[in-house]
Amino acid sequence: LVVENKHEDVILQRVASLVIPCILLYGIYVILHGHLSPGVGFSGGAIAGAGLILYASSFGMIRVHRFFNQKTFTAITTSCLLVYACSKGYSFFTGANHLPTGIPLGTPGAILSSGLILPLDICVGLIVTCTMYGFYAMFTKGEI
């Protein structure tokens with residue numbers, strides 16, 4: 001049973017409707033450019049998670065449950081962890097056996113220039129986003 005707040009704050013909703021798309025877009029930008037600097041998949045995920053938390057606190061948990069529920073949370077985290085594990089396992093296997101990876105590295109500084117680092121950063125960003133919102137949902141309502 002999800003109980004909504006009876007008092008809607010119109011100012012918070014108006015400001016949030018302007019700010020949330022910018023926050024999510026910036027989080028996506030940080031995640032996609034994470035391979036060009038260290039540790040940015042986590043930071044981008046934290047930014048996107050903060051945007052989701054702001055959406056939930058301003059518009060209510062029921063509106064978030066329309067597109068992000070326990071099933072979505074499980075699907076995203078499971079698939080990202082599997083992609084991460086398979087990618088790292090592949091790179092460890094090929095590297096330990098001195099085999100060519102077959103993954104082109106591209107031009108340094110370009111968005112597709114890092115081999116497996118970009119998919120790994122995307123996985124980390126999605127997992128951090130889901131985890132941040134999951135903690136928020138568990139602490140506020142006791143469920144995702």
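The analysis underlying the following values was restricted to heavy atoms, covering all of them including side chains, and did not include hydrogens, waters or symmetry mates.
The distance from the NE2 atom of His65 to the OG1 atom of Thr72 is 10.5 Å, given to the nearest 0.5 Å. With rounding to the nearest 0.5 angstrom, the OH atom of Tyr84 is 13.0 Å from the CD1 atom of Ile122. Summarising the geometry, atom OG1 belonging to Thr78 is positioned 8.5 Å from atom CZ belonging to Phe73; distances are rounded to the nearest 0.5 Å. Summarising the geometry, atom OG belonging to Ser87 is positioned 5.0 Å from atom CG belonging to Leu116; distances are rounded to the nearest 0.5 Å. Between the CG atom in Asp121 and the CD1 atom in Ile31 there is a gap of 8.5 Å [rounded to 0.5 Å]. With values rounded to the nearest 0.5 angstrom, Phe67 atom CZ is found 5.5 Å from Tyr55 atom OH.
For Phe92, the side chain to side chain contact (heavy atoms under 4.5 Å, CB included) criterion is met by Lys88, not counting sequence neighbours. The side chain to side chain contact (heavy atoms under 4.5 Å, CB included) check on Ser79 picks up nothing, with sequence neighbours excluded. Remark: Ile47 engages Ile23, Tyr26, Val30 in a side chain to side chain contact (heavy atoms under 4.5 Å, CB included) (not counting sequence neighbours). With sequence neighbours excluded, the residues satisfying ring pair (Phe, Tyr, Trp, His ring centres under 6.0 Å) with Tyr29 are His33. For the side chain to side chain contact (heavy atoms under 4.5 Å, CB included) test, residues two or more places apart in sequence or in another chain that qualify with Ala16 are Ile20, Leu54, Ser58, Phe59.
In the hydrophobic clustering, Ile127 connects to Leu81, either directly or through intervening members, whenever side-chain heavy atoms lie under 4.5 Å apart.
For Phe93, the CZ atom is loosely surrounded, since the number of other residues' heavy atoms within 6.0 Å does not exceed 12. Atom CG of Leu18 has more than 12 heavy atoms from other residues, nucleotides or ligands within 6.0 Å.
The nearest pair of heavy atoms linking Ser57 to Leu12 is O-CD2, 4.0 Å. Counting all heavy atoms, side chain and backbone alike, Ile76 lies closest to Cys130 at CG2-SG, 3.5 Å. Heavy atoms only, all atoms of each residue included: Ile53 and Met132 are closest at CD1-O, 3.8 Å.
Under the 4.5 Å side-chain criterion, counting only non-hydrogen atoms from C-beta, Thr129 is not in contact with Tyr133.
If you chain together hydrophobic residues whose side chains sit under 4.5 Å apart, Val19 and Leu52 fall into the same group. Leu25 and Leu118 are assigned to two separate hydrophobic clusters, defined by single-linkage of ILVMFWY side chains at heavy-atom distances under 4.5 Å.
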